[in-house]
Amino acid sequence: MLDPKLLRETPELVKASQRARGADEGLVDAWHAADSNWRSLNTKYDLIRAEQKNLSKAIGPLQGKLKGGDSAVQDELAQLMQKATALADELTQLAVDRDAAEAAANKIMGGFANIVDADAPVGGEDDFKIIETIGTPRDFKAAGFEPKDHIELGELLGAIDIERGAKVSGSRFYYLTGVGALLELALVRMAMDFATKWGFTAVIPPALVRPQAMEGTGFLGQAAVDVYHLPADDLYLVGTSEVPLAAFHMDEILDGRDLPLRYAGFSPCFRREAGSHGKDTKGIIRVHWFDKVELFAFCDPKDAAAEHAKFLEFEKEFLTALELPFRVLDIATGDLGMSAIRKFDCEAWIPSQSAYREVTSTSNCTTFQSRRLRIRSKVSEGAEYVSTLNGTLMASTRTIVALLENHQQADGSVKVPKALIPHLGMEVLTPVAKRI
RNA sequence: GGAGGAUUCGCCUAGUGGCCUAUGGCGCUCGCUUGGAAAGCGAGUUGGGGGCAACCCCUCGCGGGUUCAAAUCCCGCAUCCUCCGCCA
């Protein structure tokens, strides 16, 4: 949700942002009309309500006198009662109108995406800016062999079983087996160790949430078709632990001195992938479920840009420790999520595709989510909305794909990056003699 | 799943239709005091909305209802606790 003040005071800024996103700037004027309608009804209601309260206060004592036998007040009382009844009726109607006007204004408000950062590149999906490229893709030709893809490597190592995943759960499901399962656990533990070192509190949040949590984080808007819903219980399966982490402090007023509050959540992520039929149909690049370690922070709005920069540094440090070649993108305005004002993606090199593919993504959502979730911090006077930031640290499937493919050797074995060895307890993953 | 109880300001708590413009304590903040602290004393301490302002309105878990008037009465929901059942 946007700050209504921003819309009232700097409508041009909001219009410019809508344009940069390729969104409807007409919403700004529509909201203004709806808002002033609501404000005038609200003022009217308040005035009449005040009058009614004053009348009610007069009625009490008069009734007392009447009960005490003072019949002289009877006429006055009857008059007041009549007036009060009329006011009560008027209020009932006004409340209906006022609430309808408010709902209309809120509906328009809900359509606004966050104000894009002035530094974000303007344009659509392909207009991202490459900030930097770290590491160099290996020259497999020089090494004398063709790189295998992660599907083949996963089979050789007994690490990934896609066929049985499909048999049991359908397409885009998989089993991690043997070293595959151990690899994920080691990556999770390594990610959590890094995050803890950076000042994040490790969290294992619920992966099923109520509608208000899903709604509050903005996933029931355009992205609703991608969300799994359990109608019998009206619960949603989260697509990222960003949801339960953001909602963790829902309806709370935090102590400003505690900021930033940093959490690293580990949870399964469920995605219907409704709009991506035909994309990445092979392997485990795009799946309906994977596990992820997600970074999340609540911070002072003044520090949000700096915190965002730190999130990117954290992601880079982790990918570097895994010895993966990757590049960093500054995502263009038209490709930002609704809540984000700026987004950086890290894309790891995938040898079998000869392409960089997204492995992490970090967004600065300023106060957009905290307004919906009513998360504020106590400052000297009053309370102000906090900024929220999120970023992937380790998405298990894509990280495993990148690791296997980049660190493979001619015989199908895979070298374990140094930083991961203590967590995995192995230096090399070796092909199994016989698949289970 | 069944039965009962609870939900008031950061925490505890008073409050059974109008005197609630919500009590008291703890904690916290500021001040006095002090060499400094503790104790003591004094003041402050839920948030939100509208209005140029004076000021007004909302907020007692949430949503409805009754009433001129609701923390208080009625209905629904949520959460927590206790007991029973089932399960791990």
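This is a predicted model, so every value here is computed, not measured. Within every chain, numbering begins at 1; the chains are lettered A, B, ... in the order of the sequence lines, protein sequences first and strands thereafter.
- Arg172(A) contributes no side-chain N or O that, together with a main-chain N or O of Gly170(A), makes up a donor-acceptor pair within less than 3.5 Å.
- With a cut-off of 3.5 Å on both Watson-Crick or G-U wobble distances, the partner of rA54(B) is given as none.
- Atom name P, nucleotides rU66(B) and rU72(B): the rounded distance is 15 Å, in whole Å.
- If you take CG of Leu41(A) and C1' of rC58(B), they are 16 Å apart, rounded to a whole angstrom.
- To the nearest whole angstrom, the two P atoms, one in rC74(B) and one in rG1(B), are 26 Å apart.
- Between Asp258(A) atom CG and rC28(B) atom P there is a gap of 15 Å when expressed in whole angstrom units.
- In this structure, Phe318(A) has its ring center closer than 6.0 angstrom to the ring center of Phe194(A).
- rU21(B) and rC57(B) have their P atoms separated by 10 Å, given to the nearest Å.
- RNA chain B is contacted by both Asp35(A) and Tyr45(A); Asp35(A) maps to the nucleotide lying nearer its 5′ end (nearest heavy atom per residue).
- Closest to the side chain of Asn42(A), out of rA69(B), rG50(B), rC57(B), is rG50(B).
- Each of Asn114(A), Asp330(A), Asp117(A) was compared with Arg342(A) under the side chain to side chain donor-acceptor pair (under 3.5 Å) criterion, and only Asp330(A) meets it.
- When both distances must be under 3.5 Å, the Watson-Crick or G-U wobble mate of rC41(B) is rG31(B).
- For the OP1/OP2 pair of rG49(B) and a distance below 4.0 Å, the side-chain nitrogens and oxygens of Lys5(A) include no atom meeting the criterion.
- Side-chain atoms of Thr85(A) lie closest to rC68(B) of the nucleotides rC56(B), rC68(B), rG48(B).
- Separating the C1' atom of rU23(B) from that of rG15(B) is a span of 7 Å, rounded to the nearest Å.
- As the counterpart of rG4(B), rC81(B) is assigned, both hydrogen-bonding distances of the Watson-Crick or G-U wobble pattern falling under 3.5 Å.
- Across all strands shown, rA71(B) has no partner, as no Watson-Crick or G-U wobble contact with both distances under 3.5 Å is found.
- To the nearest whole angstrom, the two C1' atoms, one in rU8(B) and one in rU59(B), are 12 Å apart.
- The phosphate of rA78(B) has neither OP1 nor OP2 within less than 4.0 Å of any side-chain N or O from Arg210(A).
- Put simply, CD1 on Ile253(A) is 15 Å from C1' on rC11(B), counting in whole angstrom units.
- Taking atom P in both rG24(B) and rG42(B), the straight-line distance is 14 Å, to the nearest Å.
- Using a 30° and 60° split on the angle between ring planes, Phe298(A) and His249(A) fall in the perpendicular class, above 60°.
- Under 3.5 Å, the side chains of Asp161(A) and Thr177(A) contain no donor-acceptor pair of N or O atoms.
- Checked against a 6.0 Å centroid threshold, the rings of Tyr175(A) and Phe173(A) do not count as neighbours.
- With rG49(B), rG18(B), rG51(B) as the candidates, the nucleotide lying closest to the side chain of Trp38(A) is rG49(B).
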Result block: side-chain N/O donor-acceptor pairs under 3.5 angstrom for residues 283-293 of chain A, not counting sequence neighbours:
| residue | atom | partner | partner atom | Å |
| --- | --- | --- | --- | --- |
| Arg286(A) | NE | Asp280(A) | OD2 | 3.1 |
| Arg286(A) | NH1 | Glu273(A) | OE1 | 3.3 |
| Arg286(A) | NH2 | Asp280(A) | OD2 | 3.2 |
| His288(A) | ND1 | Tyr228(A) | OH | 3.3 |
| His288(A) | ND1 | Arg271(A) | O | 2.7 |
| His288(A) | ND1 | Arg272(A) | O | 3.3 |
| Trp289(A) | NE1 | Asp291(A) | OD1 | 3.3 |
| Lys292(A) | NZ | Thr240(A) | OG1 | 2.8 |
| Lys292(A) | NZ | Glu294(A) | OE1 | 2.7 |

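- Of the two residues near RNA chain B, Ala84(A) and Arg39(A), the one whose nearest nucleotide lies more 5' is Arg39(A).
- When each of rC56(B), rG18(B), rA70(B) is scored by its nearest atom to the side-chain atoms of Arg49(A), the top-ranked nucleotide is rA70(B).
- Remark: the separation of the C1' atoms in rC20(B) and rA88(B) is 49 Å, to the nearest Å.
- Pairing partner, rA88(B): none, since no Watson-Crick or wobble contact has both distances short of 3.5 Å.
- Between the P atoms of rA22(B) and rC56(B), the separation comes to 14 Å (whole Å).
- Looking at Asp89(A) and Gln93(A), their side chains never bring a donor and an acceptor atom within 3.5 Å of each other.
- Taking atom NZ of Lys44(A) as the reference point, atom C1' of rG51(B) lies 17 Å away to the nearest angstrom.
- Shown here, rU66(B) forms no base pair; nothing in the strands shown gives a Watson-Crick or G-U wobble contact with both key distances under 3.5 Å.
- The pairing partner recorded for rC11(B) is rG25(B), the criterion being a Watson-Crick or G-U wobble arrangement whose two distances lie under 3.5 angstrom.
- Nucleotide rU16(B): unpaired (no Watson-Crick or G-U wobble partner with both distances less than 3.5 Å).
- When the side-chain nitrogen and oxygen atoms of Gln82(A) are compared with OP1 and OP2 of rC68(B), none of them lie within a distance under 4.0 Å.
- Atom-to-atom, CG of Asp46(A) to P of rA54(B) comes out at 16 Å; the value is rounded to the nearest Å.
- When the side-chain nitrogen and oxygen atoms of Arg371(A) are compared with OP1 and OP2 of rG48(B), none of them lie within a distance under 4.0 Å.
- Backbone-only contact: Lys53(A) has heavy atoms under 4.0 Å from sugar-phosphate atoms and none from a base.
- Between Glu51(A) atom CD and rC57(B) atom P the separation is 12 Å, expressed in whole Å.
- The distance from atom CG of Leu47(A) to atom C1' of rC57(B) is 9 Å, rounded to the nearest whole Å.
- Ile48(A) places its CD1 atom 17 Å from the P atom of rC68(B), with the value rounded to the nearest Å.
- Of the side-chain N and O atoms in Arg376(A), one or more sit less than 4.0 angstrom from OP1 or OP2 of rG48(B).
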